[in-house]
Amino acid sequence: MKILLVQPPRWSPDGHANFDAIEELAGSRSGDVMVLPELAGSSLPRDDYLDRVRSLALRSGTAVVGGSHYDTAADGSAVNRGAVAGPDGTLLAEYDKVHPYGIERRSGVLPGRPGTGFDLHGRRLRVLLCADLWYSASLAGHDGLDAVLVPAFSLTRWDGPAPARELWRHMSVARAYEFVTYVAVSDWDHEATYLGQPCAGVTGLANPCPPAHTGFFSAPPTAPVSVHTLDFDRLDAFRHDRTARGFR
């Protein structure tokens with residue numbers, strides 16, 4: 001399975017502007033699934049957000065994990081929420097951020113409900129929004145996941161992006177190895193900001209069973225779109241080996 005991770009250079013409070021930029025970055029690249037970063041839709045109304053996700057999927061011929069947007073109710077309350085569209089525009093899954101973090105928590109964004117995941121080409125995938133990856137309970141009880149897809153906006157209070165990147169890489173590899181699954185993170189570039197706070201730029205793929213020890217995390221810090229191949233035959237063999245050794 002080929003996965004495309006999109007890392008736009010800047011975030012806009014205009015969700016349409018973000019999707020326009022993402023469509024230009026994606027161009028004619030092809031794959032099986034494309035992952036957008038968190039809040040790609042900013043505060044677009046739900047119908048507008050879903051239209052943009054479906055449109056990108058149809059245009060690219062790729063399943064699209066549409067990052068997220070703030071879905072605001074009539075009473076003004078908001079949930080950080082996203083959706084997955086299949087290459088034919090069909091809605092495959094919806095997911096919420098269960099653990100609002102930092103600025104959004106202080107601004108009253110409400111916790112949402114975890115998504116149930118979706119199937120693609122006979123494989124089981126699940127989306128966790130940003131900080132939800134940091135809670136192992138988000139994955140407990142969901143055995144057999146073949147990939148965890150993480151739209152992120154890695155706001156950091158560190159002086160520079162390096163410390164947050166290091167933490168995200170360690171966390172992604174730990175989750176990948178613990179739950180025997182690929183973990184793919186799509187983030188904004190480290191030059192992007194949200195309400196004055198900088199992003200760390202943590203896009204990359206954690207692989208629980210790389211051919212070499214240097215391959216546990218692959219990071220393209222300067223690539224606006226990076227392409228990664230998920231080798232599920234190798235993942236299955238690794239699972240069988242762990243079981244045979246009594247490790248799981």
Leu230 vs Leu235, side chain to side chain contact (heavy atoms under 4.5 Å, CB included): CA-CA, chis, key distance, verdict: CA-CA 9 Å; Leu230 309 188; Leu235 181 66; over 6 Å; no
Working for side chain to side chain contact (heavy atoms under 4.5 Å, CB included), residues Phe179 and Val148: CA-CA 10 Å; Phe179 293 98; Val148 177; over 6 Å; no
Residues Ser55, Glu23; criterion side chain to side chain contact (heavy atoms under 4.5 Å, CB included); working and verdict: CA-CA 10 Å; Ser55 175; Glu23 288 182 352; 4.1 Å; yes
Trace of the side chain to side chain contact (heavy atoms under 4.5 Å, CB included) decision for Arg113 with Val79: CA-CA 9 Å; Arg113 296 175 296 180; Val79 172; over 6 Å; no
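Of all the heavy atoms in Ser154 and Gly201, the pair that sits closest is OG-N, 3.3 Å. For the pair Ala57 and Gly86, the tightest heavy-atom approach, listed with the atom from each and the gap, is CB-O, 3.2 Å. Taking each heavy atom of Gln7 and Trp188 in turn, the nearest pair found is CG-C, 3.7 Å. The minimum heavy-atom distance between Ile22 and Ala40, with the atom names listed, is CD1-CB, 4.0 Å. The nearest pair of heavy atoms linking Phe118 to Ala93 is CB-CB, 4.0 Å. Taking each heavy atom of Tyr49 and Gly66 in turn, the nearest pair found is OH-O, 2.7 Å.
Atom CG of Leu133 sits about 7.0 Å away from atom CG of Leu139, to the nearest 0.5 Å. Remark: Asn207 CG to Thr181 OG1 distance equals 10.0 Å, nearest 0.5 Å. With rounding to the nearest 0.5 angstrom, the OG1 atom of Thr156 is 8.5 Å from the CG atom of Leu167. Of the inter-residue distances, the one linking Phe153 atom CZ with Leu129 atom CG reads 13.0 Å to the nearest 0.5 angstrom. For the atom pair CG of Leu58 and CG of Asp88, the computed distance is 7.0 Å after rounding to the nearest 0.5 Å. Rounded to the nearest 0.5 Å, atoms CG (Leu195) and CG (Leu155) are 8.5 Å apart.
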Would you be so kind as to tabulate the donor-acceptor pairs closer than 3.5 Å made by side chains of residues 208-217, with sequence neighbours excluded?
none

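The main-chain N or O of Ile103 is found under 3.5 Å from a side-chain atom of Ser107 such that the two form a donor-acceptor pair. For the pair Arg123 (side chain) and Ala147 (backbone), a donor-acceptor distance under 3.5 Å is absent. Judged purely by atom type and a 3.5 angstrom limit, His99 has no side-chain atom pairing as donor or acceptor with the backbone of Ala131. A donor-acceptor pair is defined here as one N or O able to donate and one able to accept, closer than 3.5 Å; no such pair exists between the side chain of Asn18 and the backbone of Gly41. The main-chain N or O of Asn80 is never found under 3.5 Å from a side-chain atom of Ser68 such that the two would form a donor-acceptor pair.
A side-chain donor from one of Asp75 and Ser77 sits under 3.5 Å from a side-chain acceptor of the other.
Side-chain contact between Gln197 and Arg157 is present, with heavy atoms from C-beta onward closer than 4.5 Å. Residues Leu56 and Leu36 are in side-chain contact: their nearest non-hydrogen atoms beyond the backbone lie under 4.5 Å apart. Put simply, the side chain of Tyr182 reaches to within 4.5 Å of the side chain of Asp231, judged on heavy atoms. Counting only heavy atoms from C-beta outward, the side chains of Ser138 and Val98 never approach each other to under 4.5 Å. Within the 4.5 Å cutoff, side-chain heavy atoms of Pro8 are placed close to those of Pro37. Taking 4.5 Å as the limit, every side-chain heavy atom of Val185 sits out of range of all side-chain heavy atoms of Leu5.
Using a cut-off of 4.0 Å between Lys/Arg side-chain N and Asp/Glu carboxylate O, Asp20 and Arg52 are scored as salt-bridged. Under the 4.0 Å criterion applied to side-chain N and carboxylate O atoms, Asp132 and Arg126 are not assigned as salt-bridge partners. Salt bridge Asp32/Lys2: absent, no basic N to carboxylate O contact under 4.0 Å. The existence of a salt bridge linking Asp187 and Arg165 is excluded, since no basic side-chain nitrogen approaches an acidic carboxylate oxygen closer than 4.0 Å.
Annotation for Tyr101: atom OH does not count as buried by contact number, only 12 or fewer foreign heavy atoms lying within 6.0 Å. Annotation: Arg234, atom CZ; neighbour count of heavy atoms from other residues, nucleotides and ligands within 6.0 Å is above 12. Around CH2 of Trp134, the count of heavy atoms belonging to other residues, nucleotides or ligands within 6.0 Å exceeds 12.
Criterion: ILVMFWY side-chain heavy atoms under 4.5 Å apart, direct or through other members. Under it, Leu125 and Phe238 are part of a common hydrophobic cluster. No path of Ile, Leu, Val, Met, Phe, Trp and Tyr side chains, each step under 4.5 Å between heavy atoms, connects Trp11 with Val202, placing them in separate hydrophobic clusters. Tracing side-chain contacts under 4.5 Å through hydrophobic residues (I, L, V, M, F, W, Y), one never reaches Trp168 starting from Val173; they form parts of separate clusters. Hydrophobic clustering (side-chain heavy atoms under 4.5 Å, transitive across Ile, Leu, Val, Met, Phe, Trp, Tyr) groups Tyr95 together with Ile3. Transitive grouping of hydrophobic side chains (ILVMFWY, heavy atoms separated by less than 4.5 Å) brings Val225 and Met1 into a common cluster.
Considering Glu104, Arg46, Arg81 as possible partners of Tyr70, the one that fulfils the side chain to side chain donor-acceptor pair (under 3.5 Å) test is Glu104.
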